[in-house]
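Have a look at the structure below, then the notes.
Proteins get letters first, then strands, A, B, ... in listed order; numbering begins at 1 in each. Not measured: the values here are computed from a predicted model.
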Amino acid sequence: MKQTYIAEIGKHIGAEVTLRGWLYNKRSSGKLGFLEIRDGSAMMQAIVSKKDVDEATWEASERATQESSVIVTGVPREHPKKPGVYELDVKTLELVGLASEYPITPKEHGVEFLMDHRHLWLRSKRQHAILRVRHTIIKAVRDFFDNNGFTLCDTPIFTPAACEGTTNLFEVNYFDEEKAYLSQSGQLYNEATAAAFGKVYCFGPTFRAEKSKTRRHLTEFWMVEPEVAYAKLDDVMELAEQFVSYVVARVLESRQEELKVLERDITKLEAIIPPFPRLPYDDAAKMLDEAFAAGKLENKFEYGSDLGSPDETYISSQFDKPVMVHRYPAAIKAFYMEPDPLRPDLALCVDVLAPEGYGEVIGGGERASSLEYLLKQIAAHGLPEEAFDWYLDLRKYGTFPHGGFGMGIERCVSWLCGLEHVRETIPFPRMLYRLKP
RNA sequence: UCCUCAGUAGCUCAAUGGCAGAGCACUCGGCUGUUAACCGAGGGGUUGUAGGUUCGACUCCUACCUGAGGAGCCA
């Protein structure tokens, strides 16, 4: 008995097939049973008619509870009332595993309950759709870089020192010599591999021990980080808009069904095509001042500070494409940012803010290439110079201008799916106060 | 760390300081085209914890616990 997957059922109309899966839901009308079967690929309704099946099958169909595992044989045909929809006329049904009373009912549930049952919640239609979109996004991310001459060079997860201080890092006590930390970015290592391969990317889990408790934060999330030798800030911005547009297009192309389940307004996604607006920090500051004067923002924006969440939301709401805010004050950015030669108080960096209030999905820029400047910056930030000896070597042995960015996968999934919270974008989210399941 | 809100049946919620309730889920019965199916019956409660006010507290007060949303910080 070869298994047929429901997603392929259209190819088997009129021929007997075997489905293996789980009972999603059941309705009955006397001697007629309607079983919704899911097998991971899709769902379909199976019809059990008492007069057409043997006693064991009828009894099993009556006994089967929600989420019981079942093997069903039958003949698929078109739904009598819905063209293009298929149903299965059941011949036999075998109960593989009777499910105990299933906690997730077809009615509504609260967040805490669903999060406690995340291992089961994944079986529901909505979660299935989200994680399929996630899969497509990740595939598109890899394809984009693989097809554009990038080499995958993954960076370590255990790292000896912080990129930007140790306050938000997870400490690991294992290595004899010194303290280790879980990676918060692969960027410094990307700069080393970029000198070897030219165009590189890394893609892995990232850890941030921030006491953040918002819909945009996870303590463990996945980040893809490209780095390009000889790239200037303009090249980085162009790469970012090409990359984001490609990923969005791939999702639109292959995940229509899932976006429909999620009730996503796809016209919003269809607008995501290059070029994206470029907004200098100074202009962003002016926009925020005007918004505050017009009573559209609660707090006055202070020039020189970083954009707050409400600020980002306001700015992105003014555009129907992702907006690239560039050239922030160097003082509020990481030590390795290249200063703008025309305005040394500004850093050659860029944040990409997704539309519809989804906030920052990409952060990046041009890296400082001068050894003298980096030494000054490390001292100014109070960082231990010896921790960066290998990083400084990159400036000693053939330094070169270069840049790149990092994109948080979960924020991207959240945006493309139109979700309220990133916790649904990863199979098992890790958050402040959430380690199980 | 700070601000706001919420904890009542397995789940989602109701109950004006005066008898602890409904829908879903579950069990039993009915129904040959159901779509969160429907109809009838049944079991199911330390109202987050501790204290206080009151003749009487799910309801009011205090503290704590847990969760959610937000700020800061970030992708």
Closest to the A:E112 side chain, choosing from B:U34, B:U32, B:G67: B:G67

B:A68 OP1/OP2 closer than 4.0 Å to side-chain N/O of A:H421: no

Distance between C1' atoms of B:U12 and B:U54 (Å, rounded): 33 Å

Donor-acceptor pair (no angle test) under 3.5 Å: A:R411 side chain, B:C74 base: yes

P atoms of B:G17 and B:C60, separation to the nearest Å: 7 Å

Touch class at under 4.0 angstrom, heavy-atom based, for A:T206 against every strand present: nothing

Partner nucleotide, any strand, of B:U54 [Watson-Crick/G-U, under 3.5 Å]: none

Phosphate OP1/OP2 of B:U32 contacted by A:K50 side-chain N/O (<4.0 Å): no

5' priority, RNA chain B, between A:G110 and A:I47 [closest heavy atom]: A:G110

Candidates B:C31, B:A75, B:G33 - which lies nearest the side chain of A:H217: B:A75

A:S309 side-chain proximity, nearest of B:U34, B:U32, B:C73: B:C73

A:N25 side-chain proximity, nearest of B:C31, B:A36, B:G33: B:A36

A:S212 side chain, from C-beta outward: closest of B:U1, B:C73, B:U32: B:C73

Which nucleotide in B:U34, B:C74, B:A68 has an atom nearest any side-chain atom of A:R423: B:A68

P-based separation of B:C73 from B:G10 [nearest Å]: 43 Å

Complementary nucleotide of B:A9, counting Watson-Crick and G-U pairs under 3.5 Å: none

Sugar-phosphate only, base, or nothing, as touched by A:R77 at under 4.0 Å among non-hydrogen atoms: base

A:F221 over B:A75, stacked by centroid distance under 5.5 Å, angle under 30°: yes

Span that lies between the P atom of B:C5 and that of B:G52, in whole angstrom: 26 Å

Candidate nucleotides B:A68, B:A71, B:G33, ranked by approach to the side chain of A:S29 - the nearest: B:G33

Closest-nucleotide ordering on RNA chain B, the 5'-leading residue of A:E420 and A:P103: A:P103

Sugar-phosphate only, base, or nothing, as touched by A:Q66 at under 4.0 Å among non-hydrogen atoms: nothing

Identity of whatever pairs with B:U16 - Watson-Crick or G-U, under 3.5 angstrom: none

NZ or CZ of A:K333 within 45° of A:Y328 ring axis and under 6.0 Å: yes

From A:E366, A:E338, A:K232, A:E227, residue fulfilling side-chain contact (heavy atoms from CB on, under 4.5 Å) relative to A:H402: A:E227

Atom CD of A:Q256: over 12 foreign heavy atoms under 6.0 Å: yes

Rounded distance in Å - OH (A:Y24) to C1' (B:U34): 16 Å

Span that lies between the C1' atom of B:G21 and that of B:C58, in whole angstrom: 12 Å

Rounded distance in Å between the C1' positions of B:A6 and B:U47: 14 Å

Distance below 4.0 Å between A:K213 side-chain N/O and B:A68 OP1 or OP2: yes

Sugar-phosphate only, base, or nothing, as touched by A:G359 at under 4.0 Å among non-hydrogen atoms: nothing

Pair assignment for B:G44, Watson-Crick or G-U wobble, requiring both distances under 3.5 Å: none

A:D306 side-chain proximity, nearest of B:A25, B:C74, B:C31: B:C74

A:R27 side chain reached by A:E36 side chain, heavy atoms, under 4.5 Å: yes

A:D265, A:L416, A:L252 screened by side-chain contact (heavy atoms from CB on, under 4.5 Å) with A:L259, the one that passes: A:L252

Given B:A75, B:U32, B:G33, the nucleotide with the shortest approach to the side chain of A:L218: B:A75

Between B:G18 and B:G56 - P atom distance, rounded Å: 14 Å

Nearest to side-chain heavy atoms of A:E360, which nucleotide of B:A75, B:C31, B:G72: B:A75

P-based separation of B:C24 from B:C65 [nearest Å]: 38 Å

N/O (side chain, A:K81) to phosphate O (OP1/OP2, B:U34) under 4.0 Å: yes

Who pairs with B:U59 - Watson-Crick or G-U, where each distance is under 3.5 Å: none

Any side-chain donor near an acceptor of the partner, A:D282 and A:Y303, under 3.5 Å: yes

Any A:R216 side-chain nitrogen or oxygen under 4.0 Å from OP1 or OP2 of B:A71: yes

Ion pair check, A:R134 and A:E410, cut-off under 4.0 Å: yes

Any strand: nucleotide that pairs with B:G33 via Watson-Crick or wobble, under 3.5 Å: none

Complementary nucleotide of B:A68, counting Watson-Crick and G-U pairs under 3.5 Å: B:U4

Nucleotide B:G72, atom C1' - distance to CG of A:L432 in whole Å: 13 Å

Close side-chain approach of A:L269 and A:R264, heavy atoms under 4.5 Å: yes

